[in-house]
Number of protein chains: 2
Amino acid sequence: MGTTKRGSERREDALSRERIVDAAIELLDEEGESGLTFRSLASRLATGPGALYWHIANKGELLVAATDAVIARTVAQVPAVATPHEAIRGIAVGVFETIDAHPWVGAQLSRAPWETPTLRIFERIGRQVQALGVSGRAQFTSASALLSYIVGVSIQNAANGRLFEPSVDRADFLDTMSARWKQLDAHEYPFTRKVAAQLPGHDDLAEFLAGIDLILAGIAASR
Amino acid sequence: MGTTKRGSERREDALSRERIVDAAIELLDEEGESGLTFRSLASRLATGPGALYWHIANKGELLVAATDAVIARTVAQVPAVATPHEAIRGIAVGVFETIDAHPWVGAQLSRAPWETPTLRIFERIGRQVQALGVSGRAQFTSASALLSYIVGVSIQNAANGRLFEPSVDRADFLDTMSARWKQLDAHEYPFTRKVAAQLPGHDDLAEFLAGIDLILAGIAASR
DNA sequence: ACCTGAACACCGTTCAAGT
DNA sequence: ACCTGAACACCGTTCAAGT
């Protein structure tokens with residue numbers, strides 16, 4: 001206080017790493033992965049593409065930062081619940097819904113699985129695996145298996161969601177898919193053709209959680 | 001036989017969808033995903049980029065075709081074994097090793113999970129789930145869970161493999177990663193810090209198969 | 001029918017020049 | 001210290017023109 005206004009005074013609209021990342025998230029959500037370019041991002045921030053490089057090293061770092069911001073929000077919002085089993089389901093649902101809402105997050109998680117975003121999820125799952133009473137070395141195995149499953153399914157689900165225009169709804173999508181599977185070669189794809197009938201009315205989230213329960217049942221059985 | 005040689009005679013080096021896809025696989029394996037461009041591919045085939053578009057619609061189709069060729073080979077080579085449990089482990093190992101050898105296959109499987117390559121794997125797993133005696137609707141859930149886990153882990157494993165230069169070997173990589181995890185904030189990452197000690201000597205394939213066994217134990221327990 | 005290669009409309013990234 | 005925007009070295013894709 002008491003200092004006179006000078007060049008050091010922050011302008012409202014000054015560029016910063018945070019503002020850039022926020023704008024990138026908006027662009028990714030609105031236009032999809034291909035909509036994020038340094039030119040489009042710069043024009044949204046009313047500057048030139050070169051200015052962004054003062055704050056961020058390259059596009060890879062920008063994507064990691066955007067993913068990390070979204071995932072940090074997700075894990076912070078997972079509700080506290082009674083049992084480790086419930087907690088793991090809560091984390092799973094959180095990640096699933098986040099990737100469903102921001103499909104580019106899924107692609108990023110699988111492209112750079114050693115970065116902080118993945119670690120945030122791993123940490124939360126790990127604590128609950130510990131709480132489950134899993135012993136020493138098996139904790140790592142169990143947490144890794146759960147993490148891979150959760151991220152894997154979420155990505156596949158999000159990719160399916162983008163298969164058709166948003167106007168095509170879920171039921172139509174499943175009907176189309178079911179019809180396509182039924183037309184597969186009878187000799188090559190007997191199983192796929194048989195389960196094609198189950199596709200209409202399929203509940204992705206329920207199916208996903210059934211898989212979680214399967215892994216948790218396996219963990220319990222292996223103890 | 002007996003026809004005179006004409007324009008319809010096939011030149012040895014004539015372009016074809018098959019030759020293009022084979023060259024694309026070579027390029028992807030040698031140079032990685034960013035090494036495949038229509039220009040580099042065309043020059044390898046001693047033609048111009050435009051020529052390729054006579055045989056293939058676009059880059060997406062080229063990637064799907066390349067992935068499909070590799071995965072078809074993989075599933076064809078899975079050995080016949082005694083039990084469904086063994087068979088599922090065999091498929092899992094096949095996919096794991098394929099993605100480890102061709103990391104771009106993993107990226108492609110998660111980018112387009114509804115295409116034939118994924119379906120080929122799903123079909124093989126499904127048949128074994130059926131052989132396991134899993135009932136009706138649960139077959140779909142079990143096969144999907146296994147598929148997601150197998151593809152998910154394989155992609156993460158392959159991404160880790162590309163983290164550093166090929167010169168950096170596995171042991172060094174794990175040591176570096178372990179050291180990095182130990183430096184994480186003690187309050188934010190207690191679990192990750194604790195399991196960091198288990199990282200050196202970690203056997204990815206063994207850990208992966210332990211996860212498969214976990215899911216199979218869950219399937220057995222849920223029956 | 002199939003191939004050629006220049007051209008179009010883009011990219012990510014760099015960097016001299018400004019403030 | 002931070003921003004500007006032209007320039008560099010690329011992309012995927014198209015298409016008139018050739019054989």
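Note on naming: letters A, B, ... go to the chains in the order of the sequence lines (proteins, then strands), and numbering restarts at 1 for each one.
The nearest whole Å value for the distance from the CG atom in A:Leu36 to the P atom in C:dT13 is 11 Å. The distance between atom OH of B:Tyr53 and atom P of D:dT14, rounded to the nearest whole Å, is 7 Å. Counting to the nearest Å, the P atom of C:dG12 and the CG atom of A:Leu41 are 10 Å from each other. Distance, A:Arg17 CZ to D:dA1 C1': 18 Å, rounded to whole Å. In this structure, NE2 of B:His55 is placed 8 Å from C1' of C:dC3, rounded to the nearest angstrom.
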Dot-bracket for DNA chain C, 5' to 3', with Watson-Crick and G-U pairs under 3.5 Å, [ ] for crossing pairs and | for other-strand pairs: what is it?
||.|||||...|||||.||
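Between B:Leu63 and B:Leu28 there is a side-chain heavy-atom pair separated by less than 4.5 Å. For the pair A:Val129/A:Phe140, no side-chain contact is recorded, criterion being any heavy-atom separation below 4.5 Å from C-beta on.
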Could you run down nucleotides 5-10 of chain D 5' to 3' and tag each one B, S or - for protein heavy-atom contact under 4.0 Å?
B-B---
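Scanning for side chain to side chain contact (heavy atoms under 4.5 Å, CB included) contacts around B:Glu123 gives A:Tyr189, A:Pro190, A:Phe191, A:Thr192, B:Arg127, with sequence neighbours left out. In this structure, A:Asp29 has no salt bridge (charged side-chain N to carboxylate O under 4.0 Å, His left out) partners at least two apart in sequence or on a different chain. With sequence neighbours excluded, no residue forms a side chain to side chain contact (heavy atoms under 4.5 Å, CB included) with B:Ser43. Residues passing the side chain to side chain contact (heavy atoms under 4.5 Å, CB included) test with A:Glu30 are A:Glu26, A:Arg44, sequence neighbours excluded. Taking the side chain to side chain contact (heavy atoms under 4.5 Å, CB included) definition, one finds that A:Val151 meets it with A:Leu109, A:Leu147, A:Ile155, sequence neighbours left out. With sequence neighbours left out, the salt bridge (charged side-chain N to carboxylate O under 4.0 Å, His left out) criterion links B:Glu61 to B:Arg17.
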Begin with the C-alpha distance, continue with both residues' side-chain angles, and end with the deciding distance and a verdict on side chain to side chain contact (heavy atoms under 4.5 Å, CB included) for A:Val64 and A:Gln108.
CA-CA 7 Å; A:Val64 169; A:Gln108 192 50 32; 3.7 Å; yes
Side chain to side chain contact (heavy atoms under 4.5 Å, CB included) between A:Glu97 and A:Val93, intermediate numbers included:
CA-CA 6 Å; A:Glu97 289 179 344; A:Val93 171; 3.6 Å; yes
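A distance below 6.0 Å separates the ring centres of A:Trp181 and B:Phe122.
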Name the atoms and distances for all side-chain donor-acceptor pairs under 3.5 Å in residues 68-75 of chain B, with sequence neighbours left out.
unit_1  : atom_1 : unit_2   : atom_2 : d
B:Asp68 : OD1    : B:Arg120 : NE     : 2.8
B:Asp68 : OD2    : B:Arg120 : NH2    : 2.8
B:Thr74 : OG1    : B:Val70  : O      : 3.1
B:Thr74 : OG1    : B:Thr98  : OG1    : 2.7

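A close approach under 4.0 Å does occur between a side-chain nitrogen or oxygen of B:Trp54 and OP1 or OP2 of C:dC2.
Counting only residues at least two apart or on different chains, no salt bridge (Lys or Arg N to Asp or Glu O under 4.0 Å) pair has a member in residues 34-43 of chain B.
Residues from residues 25-32 of chain A that place a heavy atom under 4.0 Å from any atom of DNA chain D: there are none. Of the residues in residues 56-64 of chain B, none lies under 4.0 Å from DNA chain C by heavy-atom distance.
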